[in-house]
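As structure tokens, the structure follows; a few thoughts come after it.
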Amino acid sequence: METVRRSLESRLVGARISNCCVTEKKILRSTRGVDILEGQTVLSLDRRGKYLIVETDRHHVIVHLGMTGQLTIRDPNRPDSQSFDRHPVTGLETAVQHPPDRHTHFHVCLSDGRSLLFRDTRKFGRVFVLEKDGHSLLDFFAARKLGLEPFSPSYQLPAFLALLRKRTLRIKSLLLNQSFVAGVGNIYADEALFEAGIHPARRTTTLRRSEKILLFEKVLVVLERGIRNKGTTFRDFIDGDGREGDNRDELFVYGRAGEPCLRCGTAIRKIVVSQRGTHFCPTCQPRKR
DNA sequence: CGTTGATCCTGGGCGC
DNA sequence: TGCGCCCAGGATCAAC
């Protein structure tokens with residue numbers, strides 16, 4: 001989501017909303033629809049965890065991409081690509097914007113002719129519209145109880161250790177819980193655990209202090225790498241310009257089941273933890289301590 | 001309260 | 001080519 005935010009920021013800030021249209025009501029959470037956004041100007045783009053926060057004159061529009069959500073700008077002065085096919089490995093990235101299709105659920109038309117499109121095949125994504133006056137934004141995030149924010153002053157070791165205390169669940173499950181560290185998803189959880197040499201199914205109570213500290217650091221490392229590579233694309237992820245991310249090429253375990261570990265050569269294994277596919281190296285991440 | 005599992009969706013890939 | 005099954009970057013809610 002940070003990749004999406006960065007790609008959209010310069011293009012959206014200052015833009016004026018002329019018209020809005022929701023074609024799938026399920027994804028929208030707004031007490032007064034979306035027409036209330038018309039005529040407003042985008043003031044800023046922020047992010048908390050996996051939530052994008054678009055600030056307009058009188059509202060906050062919050063977007064969560066779920067699993068397959070895409071938020072892109074469409075510029076009529078650029079040609080649409082002809083399909084959703086992956087560009088070849090050696091292909092040059094030029095204009096890659098996509099025209100709306102049956103999975104495009106939310107259109108925001110801008111006064112300069114461009115539009116912001118929200119597309120989401122699985123419809124797990126959400127768009128929230130909050131009134132700016134009052135405590136709507138605070139209430140929104142208070143209700144979701146997001147945990148430490150990486151790269152912000154809140155991300156500190158004592159707080160990290162405190163959140164680990166008195167928990168009995170598996171470390172992978174905790175990493176996926178957004179009330180622990182906000183923004184860590186399935187890919188980055190597996191990658192952070194690999195880098196820290198921790199088996200994903202271990203109970204948090206069995207972690208040594210040194211392992212916790214390593215994990216604290218590696219969460220930042222893998223997120224930073226993901227952002228530097230502009231996101232991890234397996235099938236659906238694209239940034240605001242429609243470009244895929246390169247981080248898949250730098251993954252150590254996620255999506256590599258059966259392939260050799262890049263550190264020791266052992267075959268990467270895949271198990272299920274918290275009903276999520278979980279990848280690890282049995283040698284680099286031993287179960288027993 | 002903490003933890004676990006079902007559920008919401010659509011589409012791609014695989015075995016038969 | 002088609003069918004059935006399993007899998008997928010996530011969060012929420014019910015049940016224990």
Side-chain angles (χ1 to χ4, degrees), chain A residues 1-5 23-29 47-52 62-72 83-86 101-106 118-128 140-147 162-193 200-206 219 222-223 225-227 229-239 243-258 270-279:
Chain A
M1 181 52 98
E2 177 59 19
T3 297
V4 173
R5 191 197 69 77
T23 49
E24 171 57 68
K25 290 161 86 176
K26 182 182 207 304
I27 63 127
L28 181 69
R29 296 298 147 92
R47 181 190 55 77
R48 176 82 169 92
K50 299 172 187 171
Y51 295 92
L52 179 72
I62 300 182
V63 180
H64 192 296
L65 298 178
M67 294 252 210
T68 55
Q70 301 172 332
L71 196 59
T72 58
S83 73
F84 285 99
D85 289 345
R86 305 284 82 93
D101 65 5
R102 66 198 187 92
H103 297 299
T104 305
H105 308 308
F106 184 34
F118 177 74
R119 180 178 185 272
D120 184 10
T121 313
R122 290 181 73 182
K123 302 179 186 173
F124 287 169
R126 292 291 179 269
V127 175
F128 305 84
F140 179 88
F141 286 110
R144 280 160 182 78
K145 304 190 189 315
L146 296 190
L163 286 169
L164 271 164
R165 218 171 303 267
K166 293 180 182 174
R167 306 302 292 270
T168 61
L169 74 177
R170 302 179 193 284
I171 185 60
K172 164 76 183 273
S173 309
L174 182 58
L175 272 174
L176 291 177
N177 188 331
Q178 300 299 296
S179 68
F180 178 43
V181 178
V184 175
N186 204 32
I187 296 173
Y188 298 111
D190 283 2
E191 294 299 311
L193 288 168
R202 281 177 61 193
R203 301 273 171 185
T204 57
T205 48
T206 71
V219 164
V222 299
L223 289 176
R225 184 185 303 147
I227 292 167
N229 287 322
K230 296 180 162 51
T232 310
T233 300
F234 269 84
R235 170 171 282 111
D236 300 299
F237 176 79
I238 52 177
D239 71 7
R243 289 188 174 86
E244 299 179 355
D246 298 325
N247 199 53
R248 184 177 179 174
D249 300 334
E250 295 201 32
L251 298 180
F252 285 88
V253 289
Y254 188 90
R256 299 194 62 244
K270 184 180 176 187
I271 59 176
V272 175
V273 177
S274 286
Q275 300 158 226
R276 307 299 299 277
T278 299
H279 315 70

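Residue numbering restarts at 1 for every chain, and letters A, B, ... go by the order of the sequence lines.
- Note on A:R276: a side-chain N or O is less than 4.0 Å away from OP1 or OP2 of C:dG9.
- Note on A:K166: every side-chain N or O is 4.0 Å or more away from OP1 and OP2 of B:dG2.
- The A:K26 side chain lies nearest to B:dC9 when the options are B:dT4, B:dC9, C:dG9.
- Remark: C1' of C:dG10 and CG of A:L146 are 13 Å apart, rounded to the nearest angstrom.
- The NE2 atom of A:H279 lies 12.5 Å from the CG atom of A:L193; values are rounded to the nearest 0.5 Å.
- At a threshold of 4.0 angstrom between heavy atoms, the contacts of A:R203 are confined to the sugar-phosphate backbone, with no base atom among them.
- Here the nucleotide nearest the side chain of A:R167, chosen from C:dG9, B:dT3, C:dA11, is B:dT3.
- When each of A:V63, A:I238, A:D239 is tested with A:L71 by the rule side-chain contact (heavy atoms from CB on, under 4.5 Å), just one qualifies, namely A:V63.
- The base of C:dA11 lies outside donor-acceptor range of the side chain of A:R126, with no N or O pair under 3.5 Å.
- Atom P of nucleotide C:dG9 and atom CG of A:L71 are separated by 21 Å, given to the nearest angstrom.
- Pair check for C:dT12 finds B:dA6; Watson-Crick or G-U wobble, both atom distances under 3.5 Å.
- Residue-level contact check: A:T168 touches the backbone only, with heavy atoms under 4.0 Å from sugar-phosphate atoms and none from bases.
- Residue A:H103 has no polar side-chain atom (N or O) positioned under 4.0 Å from OP1 or OP2 of B:dT10.
- Of the candidates C:dG10, C:dT12, C:dG9, the closest approach to any side-chain atom of A:R144 belongs to C:dT12.
- Taking syn as a glycosidic angle within 90° of 0, C:dG9 qualifies as syn.
- Going from atom CD of A:Q275 over to atom OG of A:S173 covers 9.5 Å, rounded to the nearest 0.5 Å.
- Distance A:I27 CD1 to C:dG10 P: 18 Å, rounded to the nearest Å.
- Proximity note for A:F237 (side chain, C-beta onward) versus C:dG9, C:dG10, C:dA8: the nearest is C:dG9.
- A:Y254 comes within contact range of the sugar-phosphate backbone alone, with a heavy-atom separation under 4.0 Å but no base atom that close.
- Classification of A:D101 and A:R119 as a salt-bridged pair holds, one side-chain N sitting under 4.0 Å from a carboxylate O.
- Comparing atom distances between the A:M67 side chain and each of B:dT10, B:dG2, C:dA8 picks out C:dA8 as nearest.
- Donor-acceptor pairing under 3.5 Å, judged by distance alone, is present between the side chain of A:Q275 and the base of B:dA6.
- The side chain of A:R235 contributes no N or O atom lying less than 4.0 Å from OP1 or OP2 of C:dG9.
- Between the OH atom of A:Y51 and the C1' atom of C:dA11 there is a distance of 7 Å, given to the nearest Å.
- Residue A:L175 contributes atom CG, which lies 16 Å from atom C1' of C:dA11 at whole-angstrom precision.
- The CD-P distance, from A:E250 to C:dG9, rounds to 20 Å in whole Å.
- The distance between atom CZ of A:R170 and atom P of B:dG2, rounded to the nearest whole Å, is 19 Å.
- Rounded to whole Å, the distance from CG on A:N229 to C1' on C:dG9 is 15 Å.
- The aromatic ring of A:F124 is stacked on the base of C:dG10, with the two ring centres less than 5.5 Å apart and the planes inclined by under 30°.
- By the 4.0 Å N-to-carboxylate-O rule, A:K172 lies close enough to A:D190 to be salt-bridged with it.
- Under a cutoff of 6.0 Å and an axis angle of 45°, A:R126 and A:F128 do not form a cation-pi pair.
- Taking the six-membered ring wherever Trp is involved, the centroid distance between the rings of A:Y188 and A:Y254 does not fall below 6.0 Å.
- For the P atom pair drawn from C:dC7 and B:dG5, the interatomic distance equals 15 Å after rounding to whole Å.
- A:K270 has a side-chain polar atom (N or O) that falls below the 4.0 Å cut-off from OP1 or OP2 of C:dA8.
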